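See below for the structure under consideration.
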Amino acid sequence: MTNTPFPMSAPESQSNPAFEAAKSDVQRKTLEQRGQMDELMRLRHSCAHILATAVLRIWPDALLDIGPPTEEGFYYDFELSHRFTPEDFPKIEEEMRKVTKENQVFEKSIKTREEARAYFESKGQKFKVERLGDIPEGEAISFFQNGEFVDLCAGPHVMRTGNVKPGGIKLLKVASAYFRGNEKNPQLQRIYGTAFRNKEELDQWVTLQEEAKKRDHRKIGAEMGLFAFDSEYVGPGLALWLPKGGVLVEELEKLAKETEFQAGYVRVRTPHLAKEKMYTTSGHLPYYAESMFPPMEMLEEEERKMRDRLQERRADLIQLWDGMSHATSANPAGLTVEQLQHDIAKIEAEITFLGGRYYLKAMNCPHHHRIFAAEPRSYRDLPLRMAEYGTCYRYEQSGELFGLMRVRAMNMNDAHLYCTAEQFADEFRAVNDMYLKYFKIFGLDRYQMRFSTHDPARLGQKFVNEPELWRQTEDMVRNVLIESGINYVEVPNEAAFYGPKIDVQVWSAIGREFTIATNQVDFAVPKRFGLTYRDRDNTDKTPLCIHRAPLGTHERFIGFLIEHYAGNFPLWLAPEQVRILTLGDEEPLVTYAKSILQELRSQFVRVEGDFGTNPIKAKIADAEKARVHTMLVIGGRDLEAGAVSVRLHSKGPQGAKPRAEVVADIVASIRERRP
RNA sequence: GCCGGUGUAGCUCAGUGGCAGAGCAGCUGUUUCGUAAACAGCAGGUCGUCGGUUCGAACCCGACCACCGGCUCCA
């Protein structure tokens, strides 16, 4: 590999507020960073204190955790035997308004660590005592007090509680959150609220939220008949694509197949399950087993007992082996290392012979690796770009399921690019260009790439011990990102164990953030499968593998698109592209309308006709509700002129145009995938 | 998985211990019309499931299931 010089300085990450907020609990902001909190954030931060003040007045034994501002507003976490419900909100809000009217000063003070600890211990505020430990030695321990309420807090705040306008505050919901976000810690009750400078701005925001709710993909999906869930017969998290949603799936797949064909990909097809050995070899078992559906057991009773005995024996031998890894002498059982290895291999062969366990695949890579292994490979075959719309199954925890965005069966726009180290940068750049192409087609301007890198201190533990490959691939990835001017942040220590990765985050129109695509470098798993190609020098080498899924999964991507477009898809994607509406059902009008329908359909336009007796107003209302992209209204005037009257969904009538012109325009718009 | 909430017709919802309801959608008629809803009739439900309390349960209690809001995890 040629060692091109790379910029040494870390790129300036273009920060995103949502992302920063999400990290805030993990990475402490410096005092300086906090000082830069803007006016609205300061206001919300103070509101969190006012909320805690009010809660303590009503429930004096509430234990406090933290109360930061967020992009949406603020929250405060409490531990309390009373369960908060929305019915408590008016009472709490009333008390908060009182606090603002008391116009208390937010007073800052500095305490020593011992004073602070003594103070919170005297109050029994155990979470606060723990939080004290987060503050690095040498950093000032500051407190803010308003009225009777004292909190460990770096600030900053507004000057007085009176700066918060009572009409600008609203409590939103009560939820739960683990202390420090760790599920092993106690669960606290979190009260979410929001605050604005005044009532008008708050009302505006509330209206916006109501609008956003209408864009929820679950709601629009049901309205438009795109998909359904049947948790009773099919199962939770298993989406059924209805005919209209099936159109979206087909169109996306067509787009991806065309794009990938032009980029030199080949397509493969693999089964939805594989034997246990696949996942012990790939390394996904046992670490990933919790996310996989439980295995299908194919053994008879007796065989299963035998397999269990063999597995026990194997575990014992492996334990012996581990115990003697540093010793040259024989173990207590009197076996040498060679004997042990031999015995283990023999048992594994017997277990494999028994077979018996199949797993639904949670990822496509192992199958693709076996396709790579199915034929001898030469360096001349590389790069080999193997694509598949593979269906994967992941047993997501029940609480994680969320409409189409989080499901248990998913179709991935997957591909694995096998290449040499020399080819890596070009391949990676091409993948990157593909992302940008898609962003353009879908008019995505709000996105961010998360570039996850390794921590050199944890090589051999969390990350495979290939320091040179890590360095090279990370440098190349970083370089491509900088060159392309893409909006990205670098996240240290979050790479996969087998290589650095990029996740593409997007924000749907209603502000939900999703990881839609992923792009991972893998220089470990091909080795585990013993994949090699014959190089120029006649030696066998292990290929690098790039795992990429620019459209992520159909499920999540379409869920995202529904919210992105609010169901108003561009013509090429629209499930029903054109509907022809006649004024009445009389001849020769209907014959004329049918001939237009036939012409469009012969050009593969998804067109329907509404030739019944309903009044035209009613037909239009139906079509608008169904979000039909283009309506062609046909009356006597159009028939005489050989014209059609065009109406576009949510854009209204566009006037009468010659039939041939309209047909040609529709066909061209679809072919060009106009936005 | 954890915490909290919810579950009544295809959809949106009313019904808080005494006969299961409305609007929209659907079906059948009538209506023949120029850009967001013509009229009438009909049909539609084991009130999430199972158990308990009660003379009597959609309603009260319990368990389970599913969904919703979060946490954790993630494409």
Side-chain angles (χ1 to χ4, degrees), chain A residues 25 75 77 79 83-87 172-192 216 218-219 222-223 225 228-232 235-237 288 290-291 362-364 392 394-408 410-414 501 503-506 514-520 547-557 559-560 581-586 589-590 611-626 631-638 645-656:
Chain A
D25 206 32
Y75 64 85
D77 285 348
E79 188 180 78
R83 294 279 150 206
F84 293 126
T85 68
E87 279 97 74
L172 299 174
K173 54 197 169 194
V174 51
S176 81
Y178 297 104
F179 178 59
R180 291 185 193 283
N182 186 326
E183 61 184 328
K184 293 190 178 64
N185 288 340
Q187 273 194 322
L188 308 174
Q189 299 189 70
R190 174 172 295 178
I191 296 179
Y192 281 95
D216 190 308
R218 291 165 298 189
K219 189 173 165 59
E223 281 168 11
F229 287 94
D230 180 351
S231 49
E232 190 179 357
Y288 206 75
E290 262 188 24
S291 299
M363 64 290 298
N364 299 305
C392 297
R394 295 185 189 171
Y395 194 79
E396 303 290 350
Q397 295 178 29
S398 60
E400 310 303 341
L401 300 177
F402 176 69
L404 283 180
M405 303 297 200
R406 197 73 181 273
V407 293
R408 284 181 174 160
M410 63 211 92
N411 287 280
M412 298 184 77
N413 169 223
D414 214 353
K501 67 170 183 176
D503 293 311
V504 181
Q505 291 175 301
V506 292
F514 289 98
T515 301
I516 212 103
T518 186
N519 186 3
Q520 306 181 356
H547 172 126
R548 42 108 279 173
L551 300 179
T553 66
H554 278 146
E555 285 73 15
R556 184 175 286 182
F557 198 80
F560 168 77
L581 319 172
T582 53
L583 278 94
D585 66 345
E586 289 177 351
L589 203 58
V590 170
F611 305 146
T613 64
N614 273 348
I616 192 67
K617 276 172 181 275
K619 292 185 181 183
I620 285 170
D622 283 346
E624 287 284 355
K625 266 193 304 183
M631 288 150 270
L632 303 181
V633 178
I634 314 276
R637 294 205 296 264
D638 303 289
S645 295
V646 179
R647 181 189 169 102
L648 296 179
H649 169 56
S650 70
K651 292 200 181 83
Q654 310 289 308

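Given the structure is predicted, the values throughout are model-derived calculations rather than measurements.
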With heavy atoms under 4.0 Å as the rule, sort [X] into base, sugar-phosphate or nothing.
X	answer
A/G636	base
A/D638	base
A/A618	sugar-phosphate
A/P615	base

Taking [M] as the reference, what is the distance to [N] when you measure between their [atom1] atoms (whole Å, please)?
N	M	atom1	value
B/U28	B/U46	C1'	29 Å
B/G51	B/G17	P	25 Å
B/G48	B/C59	C1'	15 Å
B/G15	B/C60	P	12 Å
B/C61	B/U16	P	15 Å
B/U72	B/G26	P	45 Å
B/U49	B/U8	P	10 Å
B/A25	B/G44	C1'	11 Å

With both distances under 3.5 angstrom, what nucleotide forms a Watson-Crick or G-U wobble pair with [N]?
N	result
B/C27	B/G41
B/C71	B/G1
B/A9	none
B/C64	B/G48
B/G18	B/C55
B/G34	none

Nearest listed nucleotide, side chain of A/S231, among B/U35, B/A66, B/A36 =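 That would be B/A66.
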
Once you round it to whole Å, what is the distance between [atom2] of [N] and [atom1] of [X]?
X	N	atom1	atom2	result
A/D216	B/C11	CG	P	16 Å
A/K619	B/A38	NZ	P	12 Å
A/L581	B/A36	CG	P	11 Å
A/L583	B/U35	CG	P	9 Å
A/D585	B/U30	CG	P	11 Å
A/Q189	B/G5	CD	P	10 Å
A/L188	B/C2	CG	C1'	12 Å
A/N614	B/G29	CG	P	13 Å

request  = For A/R218, enumerate each residue passing the side chain to side chain contact (heavy atoms under 4.5 Å, CB included) test, keeping only those at least two apart in sequence or located in another chain.
outcome  = A/D216, A/F402, A/R512

Ignoring hydrogens and angles, tell me if any N or O in the side chain of [X] forms a donor-acceptor pair with the backbone of [Y] under 3.5 Å.
X	Y	value
A/E555	A/R406	no
A/R408	A/E396	yes
A/Q187	A/N185	no
A/T553	A/R556	yes
A/R394	A/A362	yes

key: Value rounded to 0.5 Å, distance of OH in A/Y75 from CD1 in A/I191   = 13.5 Å

request  = First locate atom CG of A/D503, then atom OG1 of A/T515, and finally report the distance between them rounded to the nearest 0.5 Å.
outcome  = 5.0 Å

message = Between A/E232 and A/E586, which residue's closest nucleotide on RNA chain B lies nearer the 5′ terminus?
response = A/E586

Tabulate protein N/O versus nucleotide N/O from nucleotides 70-75 of chain B, keeping only pairs under 3.5 Å, one per line.
unit_1	atom_1	unit_2	atom_2	d
B/G70	OP1	A/K173	NZ	3.2
B/G70	O3'	A/Y192	OH	3.4
B/G70	O2'	A/S176	O	3.2
B/G70	N2	A/S176	OG	2.7
B/C71	O4'	A/S176	O	3.0
B/C71	O2'	A/Y178	N	3.0
B/U72	O2'	A/E183	OE2	3.4
B/U72	O2	A/E400	OE2	2.8
B/U72	N3	A/E400	OE1	2.9
B/U72	N3	A/E400	OE2	2.5
B/U72	O4	A/E400	OE1	2.7
B/C73	O2	A/R406	NH1	3.0
B/C73	O2	A/R406	NH2	2.3
B/C73	N3	A/R406	NH1	3.0
B/C74	O2	A/R556	NH2	2.9
B/A75	O3'	A/T515	O	3.0
B/A75	O2'	A/T515	O	2.8
B/A75	O2'	A/I516	O	3.1
B/A75	N6	A/E396	OE2	3.1
B/A75	N6	A/V407	O	3.1
B/A75	N1	A/V407	N	3.4
B/A75	N3	A/T553	OG1	3.2

message = Does B/G34 have its OP1 or OP2 closer than 4.0 Å to a side-chain nitrogen or oxygen of A/R647?
response =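 False: A/R647 side-chain N/O out of range (4.0 Å or more) of B/G34 OP1/OP2.
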
ask   = Could you go step by step and tell me if A/M631 and A/K619 meet the side chain to side chain contact (heavy atoms under 4.5 Å, CB included) rule?
value = CA-CA 10 Å; A/M631 288 150 270; A/K619 292 185 181 183; over 6 Å; no

